[in-house]
Amino acid sequence: MQKLEMLYEGKAKKVYRTDNPDLLWVEYKDDATAFNGEKKGTIVGKGVLNNLISAHFFQMLAQEGVANHFVELINEREQIVKALDIIQVEVIVRNLAAGSMAKRLGMEEGTDLGGPVVDYCYKSDELGDPLINDDHIRALKLATPEQVQTMRETALKVNQILTEYMKGKNIILVDYKLEFGIHKGQVLLGDEISPDTCRFWDSRTMEKLDKDRFRRDLGQVEDAYKEVYRRLTGKEVNL
Ligand code: 5GP
């Protein structure tokens with residue numbers, strides 16, 4: 001497969017066209033941003049780790065019957081995915097209160113929610129990804145009610161699979177963000193699943209093993225991402 005011109009450069013990834021119109025070539029960057037781009041930095045090796053970690057999760061989810069965009073790894077930093085028409089909604093699943101929900105509702109971080117809470121946000125940098133509901137999605141014509149139902153059901157299925165899987169790695173899946181898109185009429189899970197898009201807490205020490213280390217200046221960001229990779233695969237990555 002041939003890597004052709006760059007179509008899009010996002011905060012964490014570059015996306016290239018390929019000689020197959022159904023497939024895209026994604027390159028993961030070391031750039032890190034938070035708070036809607038207000039905080040910027042570099043996490044050495046993040047692109048490699050997120051590419052490999054995300055590929056690992058997507059392969060596992062495909063085996064469990066979760067339709068997704070992942071096709072194959074090209075190298076440590078690059079992967080091929082199916083081209084999606086991205087639905088402009090972030091689907092967030094929460095098991096414990098943390099981050100924006102803890103702040104907005106005055107809850108202590110780590111409070112058990114007694115079952116998953118699904119939030120939707122409108123993907124808009126300009127507006128700062130505001131929280132929306134099913135009716136807003138309809139009013140904004142972001143997705144059909146059937147697509148919303150598919151996204152919700154898939155997000156909850158992913159939660160069951162990943163929560164159990166991470167438990168076996170001594171990691172609590174606190175919350176995460178998913179994105180979906182349409183490929184040949186089918187809703188597929190897209191984007192990435194990585195320490196950039198999930199909150200992972202060590203179940204023994206409650207140490208944060210995710211992007212909150214960068215957001216909150218906790219240090220040892222690379223080490224945390226490497227630790228997640230090590231626990232998932234049993235392998236080391238040389239950066
Ligand atoms: P919160 O609503 O607390 O900011 O985020 C909830 C979860 O979704 C966290 O795991 C966070 O990493 C993820 N998340 C929400 N919005 C974004 C986003 O715009 N970018 C990334 N990388 N993750 C997000």
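Computed from a prediction, not measured in an experiment: that's the story for all the values here. Both counts, for ligands and for their atoms, begin at 1 and track the order of listing. Counting begins at 1 with the first residue of the sequence.
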Nearest non-hydrogen contact with atom 2 (O) of ligand 1 belongs to which option: Gly99, Ser100, Ala98?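 Selected option, by shortest heavy-atom distance: Ser100.
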Selected option - heavy-atom contact closest to atom 8 (O) of ligand 1, from Lys177, Glu192, Glu109: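 Comparing heavy atoms across Lys177, Glu192, Glu109, the nearest one to atom 8 (O) of ligand 1 lies in Lys177.
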Which ligand 1 atoms, with their elements, are less than 4.0 angstrom from a heavy-atom of [X]?
| X | answer |
| --- | --- |
| Thr197 | 10 (O), 12 (O), 13 (C), 22 (N), 23 (N) |
| Tyr176 | 8 (O), 10 (O) |
| Cys198 | 10 (O), 12 (O) |

Side chain or backbone of [X] under 4.0 Å from ligand 1, or both, or neither, by non-hydrogen atoms?
| X | value |
| --- | --- |
| Asp175 | both |
| Asp129 | side chain |
| Glu179 | neither |

Which heavy-atom pair separates [X] from [Y] by the least distance, and what is that distance?
| X | Y | value |
| --- | --- | --- |
| Arg199 | Asp210 | CA-OD2, 3.3 Å |
| Val187 | Ile182 | CG2-CD1, 3.9 Å |
| Ala155 | Phe180 | N-CZ, 4.3 Å |
| Asp191 | His69 | O-NE2, 3.0 Å |

Mind checking whether [X] and [Y] have side chains closer than 4.5 Å, heavy atoms only?
| X | Y | answer |
| --- | --- | --- |
| Met6 | Val15 | no |
| His136 | Arg138 | no |
| Tyr122 | Leu127 | yes |

Starting from [atom], locate the nearest protein heavy atom and write down its residue, its atom name and how far away it is, to 0.1 Å.
| atom | value |
| --- | --- |
| atom 22 (N) of ligand 1 | Asp196 O, 2.9 Å |
| atom 15 (C) of ligand 1 | Ile92 CD1, 3.7 Å |
| atom 5 (O) of ligand 1 | Arg199 NH1, 3.6 Å |
| atom 16 (N) of ligand 1 | Glu90 OE1, 3.4 Å |

At a 4.0 Å cut-off, with the gap strictly under it, does some heavy atom of Lys103 reach an atom of ligand 1?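 Under 4.0 Å: no for Lys103.
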Contact check, Arg215 vs ligand 1, heavy-atom distance below 4.0 Å: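 It does; at least one heavy atom falls under 4.0 Å.
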Anything under 30° is parallel, anything over 60° is perpendicular, the rest tilted; go ahead and classify Phe200 against Phe57.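 If you compare the ring of Phe200 with that of Phe57, the planes turn out tilted.
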Between Glu164 and Gln160, does any side-chain donor sit less than 3.5 Å from a side-chain acceptor?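 Gln160 and Glu164 do not have a side-chain donor-acceptor pair below 3.5 Å.
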